[in-house]
Asker: 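The structure follows.
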Amino acid sequence: MQFFQPILLFTAGILALMVMHSPPSNAASWKWNFENDPAGKPPTGFSFARTGSGRMGRWLVQAEKDTPGGTKILAQVDTDATSYRFPVAVVDSVSLSNLRLSVRCKAVSGKVDQACGLVFRYGDENNYYVVRSNALENNVRLYYVKDGKRQQFAGWDGPVLAGSWHTLAVEVRDDRFQIYWNNKMVIEAHDRTFTESGRVGLWTKADSVTYFDDLAIESLNPK
């Protein structure tokens, strides 16, 4: 028995190392709460772009007391007031066609716009879908951006409060889009401008200073 005990311990150690260092299986869901990112810097795992003109945008992780959970958020803090200017932060590692995408967001300030947006089926900064809320207009709008030109194809009018946390979500299955505002479906629409898989991420407009937290992605692609 004493002979086998070291062997058993050695084998258990090897198995533990295999578990710790094995590559993860294909994930079906992902979440970012930015708690492990250093404050004052862009989050890891994201790329940044801009549709339109004006400055690129400035995306920084910030420590905040008023957060849905935890102590940090991701903020777009550049206040360039160029009207046709859409800063984008996209996740590097996830590309999907059918998905559920959600985020908690708060419109902090902006004279031209106070926008919170989600992008999906993102090919590049000039080709993607975006759903966004606007606290100055009290509405939610669904667009496609093709060759840099934005086209609305569905919308909802209702309360969007500045300075308050809200939840914006989209479910996409083939050409059907369902948009949820504070966990209530407010838009259902169909479109086939983009059908291929693409990256996902966050979006603002013009001089919007917007806070984001708890970005969540779930794959709805058939296995």
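Model, not experiment: these values are computed from the prediction.
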Asker: Is there a continuous path of hydrophobic side-chain contacts, each under 4.5 Å between heavy atoms, that joins Tyr211 to Leu101?
Answerer: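 Looking at the clustering, Leu101 is in a separate group from Tyr211.
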Asker: So, does Lys41 use its side chain to make a donor-acceptor pair with the main chain of Val61 at under 3.5 Å?
Answerer: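 Side chain of Lys41 to backbone of Val61, a donor-acceptor pair under 3.5 Å: no, none is there.
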Asker: According to side-chain contact (heavy atoms from CB on, under 4.5 Å), who are the partners of Glu188, at least two apart in sequence or on a separate chain?
Answerer: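 For Glu188, the residues satisfying side-chain contact (heavy atoms from CB on, under 4.5 Å) (neighbours in sequence not counted) are Arg176, Gln178, Met185.
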Asker: Using side-chain heavy atoms (C-beta onward) and a distance below 4.5 Å, is Cys116 in contact with Lys106?
Answerer: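 No, every pair of side-chain atoms sits at 4.5 Å or beyond.
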Asker: If you round to the nearest 0.5 Å, how far is CZ of Arg141 from OG of Ser133?
Answerer: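 Nearest 0.5 Å value for the OG-CZ distance: 11.5 Å.
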Asker: Considering the options Phe120, Phe86, Tyr144, Tyr122, which one meets the ring pair (Phe, Tyr, Trp, His ring centres under 6.0 Å) requirement together with Tyr128?
Answerer: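 The ring pair (Phe, Tyr, Trp, His ring centres under 6.0 Å) with Tyr128 is passed solely by Tyr122 among Phe120, Phe86, Tyr144, Tyr122.
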Asker: Quick one, Thr195 and Asp175 - any side-chain contact, counting heavy atoms below 4.5 Å?
Answerer: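 Counting from C-beta outward, Thr195 and Asp175 never come under 4.5 Å.
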Asker: To the nearest 0.5 Å, tell me how far Ile187 CD1 sits from Leu142 CG.
Answerer: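 The CD1 atom of Ile187 sits 6.0 Å away from the CG atom of Leu142.
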Asker: Return the minimal non-hydrogen interatomic distance between Ala189 and Ala154, and the atom names on each side.
Answerer: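 That would be CB-CB, 3.7 Å.
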Asker: Can you tell me if Asp92 and Ser47 form a side-chain donor-acceptor pair at under 3.5 Å?
Answerer: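 There is such a pair (donor and acceptor under 3.5 Å, judged by atom type) between the side chains of Asp92 and Ser47.
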Asker: Between Asp113 and Arg132, does a salt bridge (Lys or Arg N to Asp or Glu O under 4.0 Å) hold up when you go through it step by step?
Answerer: CA-CA 11 Å; Asp113 272 278; Arg132 68 98 178 110; 5.5 Å; no
Asker: I'd like to check Val172 versus Phe194 (side-chain heavy atoms, cut-off strictly below 4.5 Å). Are they in contact?
Answerer: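 Heavy-atom side-chain distance check fails, nothing below 4.5 Å.
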Asker: Can you check whether Asp213 reaches Glu64 side chain to side chain, under 4.5 Å on heavy atoms?
Answerer: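 No, side chains not in contact.
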Asker: Side chains of Phe48 and Pro87, heavy atoms from C-beta outward: is any pair under 4.5 Å?
Answerer: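 A side-chain contact under 4.5 Å is absent here.
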Asker: Just by distance, with hydrogens left out, do Thr71 and Glu35 show a side-chain donor and acceptor under 3.5 Å apart?
Answerer: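 Yes, Glu35 and Thr71 have a side-chain donor paired with an acceptor closer than 3.5 Å.
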Asker: Looking at side-chain heavy atoms only, is the closest gap between Val131 and Trp181 below 4.5 Å?
Answerer: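 The answer is no, as the side chains (C-beta and beyond) never meet within the 4.5 Å cut-off.
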Asker: Do Arg100's NZ or CZ and the ring of Tyr180 fall within the cation-pi criteria of under 6.0 Å and 45°?
Answerer: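 Yes, a cation-pi geometry holds between Arg100 and Tyr180.
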Asker: Test your reading of the model: is there a side-chain donor-acceptor pair from Asn98 to the backbone of Asp174, 3.5 Å cut-off?
Answerer: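 Yes; at least one donor-acceptor contact below 3.5 Å.
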Asker: Assess whether side chain to side chain contact (heavy atoms under 4.5 Å, CB included) is satisfied between Asp66 and Ile73, documenting all intermediate values.
Answerer: CA-CA 9 Å; Asp66 175 26; Ile73 53 89; over 6 Å; no
Asker: Using the rule that two of Ile, Leu, Val, Met, Phe, Trp, Tyr join whenever any of their side-chain heavy atoms come within less than 4.5 Å, decide whether Val160 and Leu202 are in one cluster.
Answerer: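 Hydrophobic grouping puts Val160 with Leu202.
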Asker: Please tell me if the side chains of Asn126 and Thr51 come closer than 4.5 Å, counting only heavy atoms from C-beta onward.
Answerer: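 They are in contact (side-chain heavy atoms under 4.5 Å apart), so the answer is yes.
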Asker: Begin with the C-alpha distance, continue with both residues' side-chain angles, and end with the deciding distance and a verdict on side chain to side chain contact (heavy atoms under 4.5 Å, CB included) for Val88 and Glu125.
Answerer: CA-CA 8 Å; Val88 181; Glu125 66 271 22; 5.8 Å; no
Asker: If hydrophobic clusters are built by linking Ile, Leu, Val, Met, Phe, Trp and Tyr wherever their side-chain heavy atoms come under 4.5 Å apart, do Phe177 and Tyr143 end up in the same one?
Answerer: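 Different hydrophobic clusters.
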Asker: Kindly compute the distance separating CG (Leu96) from CD1 (Ile217), expressed to the nearest 0.5 Å.
Answerer: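 So the CG of Leu96 and the CD1 of Ile217 are separated by 7.0 Å.
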Asker: Following the transitive rule for hydrophobic clusters with a side-chain heavy-atom cut-off under 4.5 Å over Ile, Leu, Val, Met, Phe, Trp and Tyr, establish whether Leu168 and Phe46 coincide in one cluster.
Answerer: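 Hydrophobic grouping puts Leu168 with Phe46.
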Asker: If we count only N and O atoms by modelled type, under 3.5 Å, do the side chains of Arg173 and Asn221 hold a donor and an acceptor together?
Answerer: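 The answer is no; no qualifying pair exists.
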Asker: Surrounding CZ of Arg150 (heavy atoms of other residues, nucleotides or ligands, distance under 6.0 Å), is the total greater than 12?
Answerer: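 Buried by this count: over 12 neighbours within 6.0 Å.
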Asker: Mind checking the OG1-CG spacing from Thr193 to Asn127? Nearest 0.5 Å is all I need.
Answerer: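 The CG atom of Asn127 is 10.0 Å from OG1 of Thr193, to the nearest 0.5 Å.
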Asker: Spell out, as yes or no, whether a donor-acceptor pair under 3.5 Å connects the side chain of Lys72 to the backbone of Asp37.
Answerer: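 At least one qualifying donor-acceptor pair exists.
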Asker: Is there a path of hydrophobic side-chain contacts, each under 4.5 Å between heavy atoms of I, L, V, M, F, W or Y residues, that connects Val130 with Val186?
Answerer: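 No, separate clusters.
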Asker: Check the pair Val77 / Gln62 against side chain to side chain contact (heavy atoms under 4.5 Å, CB included), numbers first and verdict last.
Answerer: CA-CA 10 Å; Val77 297; Gln62 294 185 176; 3.3 Å; yes
Asker: Check Asp191, Val119, Val200 against Tyr129 for a side chain to side chain contact (heavy atoms under 4.5 Å, CB included) and give me the one that passes.
Answerer: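 Going through the options one by one, the only one that passes is Asp191.
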Asker: To the nearest 0.5 Å, how far apart are CD in Gln76 and OG1 in Thr210?
Answerer: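 Gln76 atom CD to Thr210 atom OG1 measures 7.0 Å (nearest 0.5 Å).
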Asker: Taking Arg55's backbone N and O only, do any of them form a donor-acceptor pair with Asp80's side chain (distance below 3.5 Å, no angle check)?
Answerer: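 At least one qualifying donor-acceptor pair exists.
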Asker: For Glu196 and Gly198, indicate whether the former's side chain and the latter's backbone hold a donor-acceptor pair under 3.5 Å.
Answerer: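 Not a single qualifying donor-acceptor pair exists.
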Asker: Mind listing the closest non-hydrogen atom pair of Pro68 and Asp214 along with its distance?
Answerer: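 That closest heavy-atom pairing would be CB-OD2, 4.0 Å.
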Asker: Would you check if Phe212 and Thr204 make a side-chain contact, meaning some heavy-atom pair closer than 4.5 Å?
Answerer: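 Yes, their side chains come closer than 4.5 Å.
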Asker: To the nearest 0.5 Å, how far apart are CG in Leu60 and CZ in Phe34?
Answerer: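 Spacing of CG (Leu60) from CZ (Phe34) equals 12.0 Å.
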